[in-house]
Amino acid sequence: MPELSYLSSARYGKDAVRVLRVVREGSTHTVVEYNVRVLLEGDIEVSYTEADNSVIVATDSMKNITYYLAKVSPHILIPERFAVHLGTHIVSKYAHIHKAFVDIEQLRWSRIIVGQDGKPHPHSFFRDGDEKKTVKVQIDGTAGKDKIQAHVSAGINDLLVLKSTGSSFTSFIRDEYTLLKEVDDRIFSTSIDLNYTFTPVNISPPKDEKKLDIVIPASEQAEAGGVWDPKVLDRARTITLEVFAEDESASVQATLYKMGQKIIAENAGVQTVSYALPNKHYIPVDMSYMGVDNLTPAKAEVFQPVAAPSGLITATVSRK
Ligand SMILES: O=c1[nH]c(=O)c2[nH]c(=O)[nH]c2[nH]1
């Protein structure tokens, strides 16, 4: 019987590897908590097509490598670098593995502020909201293990914001399907997902297997707004929040575009900026049957949050 099918793609690995790392500097501790996903591609077809497990790096081993590097990597506190280190370590160690896809979600642990003078506590933290920092790294060793490239992107998920005015929505298409009234004043709330990408960078794996590190050229490390600048996320977050707060929003679309433009303008290495912004609707409650005006925009004070359906506005803004 002729073969009717073939394996057209294959990628496997470990998902949801949860790790908390404590870094001690005397009595001052720093903690990071990550959810890590590691997926691999390479010459692994026979594990699917021939039941040949000899090419499989067990996903359990991937978990163990993640924990081992969480212990020894000098990059553990910066998730972009840790992801690059983890992916590069695996791709350079296993000859038949050509690509690693490392995704990290960083949960928020902020220092508890104590005392009358408001001092950050040296070893106590609180979960500072649902927002996560996200990092996606693709380590590509297909051109050779001494020519490894890292494709790095990072951003934010689940940053929930709301403004009670400074947002309108008018002049959209009106036809037989249109129920929505034009409004020159409305609540604007969204849960921000942001992802920005950098141009790929070259990574040298360690020459000495035991010296567990990757070599990042010093010139690249120093580039402001570049892939190794740990301040890019802070700037992208601040820009996102400031534009959201200060823009006289004509629509979610128009505000999104301004956010993306500003991140590109202020971060030299950022090539593309993508947002996914659900429009979380808040509907003024109709009290007219009680003779109470809660519908005129200036009089609207009581709103019903509507979980679903929501709008979903997405776009990518790219450097020319
Ligand atoms: O900012 C908005 N963009 C839309 O595309 C849209 N559609 C809608 O019903 N309300 C809104 N608001």
Side-chain angles (χ1 to χ4, degrees), residues 105 108 129-134 136 153-197 232-267 270-290 292-320:
E105 191 176 68
R108 279 175 83 87
D130 294 334
E131 175 192 348
K132 291 135 202 124
K133 176 173 183 178
T134 58
K136 288 177 190 296
S153 73
I156 296 169
N157 274 0
D158 303 329
L159 172 57
L160 187 57
V161 291
L162 179 149
K163 65 196 285 187
S164 53
T165 188
S167 167
S168 61
F169 189 58
T170 60
S171 310
F172 49 88
I173 294 169
R174 299 210 77 84
D175 60 19
E176 66 273 34
Y177 297 113
T178 313
L179 202 54
L180 190 68
K181 292 202 171 68
E182 303 207 348
V183 277
D184 59 7
D185 190 5
R186 65 174 182 172
I187 287 183
F188 178 6
S189 177
T190 184
S191 176
I192 296 169
D193 284 358
L194 158 68
N195 187 263
Y196 47 82
T197 63
V232 173
L233 183 80
D234 287 345
R235 279 201 293 274
R237 186 174 186 274
T238 302
I239 288 168
T240 301
L241 289 174
E242 282 183 2
V243 172
F244 175 78
E246 289 175 353
D247 185 37
E248 282 299 322
S249 175
S251 65
V252 179
Q253 288 87 332
T255 302
L256 180 161
Y257 186 59
K258 289 181 191 174
M259 291 172 174
Q261 281 185 302
K262 199 151 192 243
I263 291 178
I264 292 212
E266 294 186 17
N267 294 279
V270 170
Q271 299 305 310
T272 69
V273 179
S274 300
Y275 282 100
L277 302 180
N279 191 3
K280 294 183 160 287
H281 303 301
Y282 285 75
I283 313 290
V285 176
D286 185 354
M287 300 181 179
S288 54
Y289 69 98
M290 293 188 271
V292 176
D293 182 4
N294 191 61
L295 293 184
T296 313
K299 295 267 175 62
E301 292 163 322
V302 178
F303 295 83
Q304 185 187 8
V306 178
S310 72
L312 181 59
I313 314 301
T314 72
T316 298
V317 184
S318 297
R319 188 178 292 282
K320 275 190 182 160

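One-based numbering, in listed order, for ligands and for the atoms of each. Quick caveat, the model's predicted, so the values are computed rather than measured. The first residue in the sequence is number 1, and the count goes up from there.
Against a heavy-atom cut-off of under 4.0 Å, N279 is close to the following atoms of ligand 1: 2 (C), 11 (C), 12 (N).
Taken to the nearest 0.5 Å, the CZ atom of F172 stands 5.0 Å off from the CD atom of E182.
Judged purely by atom type and a 3.5 angstrom limit, R235 has no side-chain atom pairing as donor or acceptor with the backbone of I263. Although no hydrogens or angles enter the test, the distance criterion places a donor-acceptor pair under 3.5 Å between the side chain of K163 and the main chain of D247.
At under 3.5 Å, a nitrogen or oxygen of R186, whether backbone or side chain, sits near a nitrogen or oxygen of ligand 1. Considering backbone and side-chain N/O atoms, S251 never comes within less than 3.5 Å of an N/O atom of ligand 1.
Looking only at protein heavy atoms, the nearest one to atom 6 (C) of ligand 1 is F169 CZ, 3.3 Å. At the top of the distance list for atom 9 (O) of ligand 1, counting protein heavy atoms only, stands L180 CD2, 3.4 Å. The protein heavy-atom contact nearest to atom 3 (N) of ligand 1 is Q253 OE1, 2.9 Å.
At a threshold of 4.0 Å, the pair R108-E131 counts as salt-bridged, since one of the basic side-chain nitrogens sits closer than that to a carboxylate oxygen.
Between L160 and S189, the shortest heavy-atom contact is CD1-OG, 4.4 Å.
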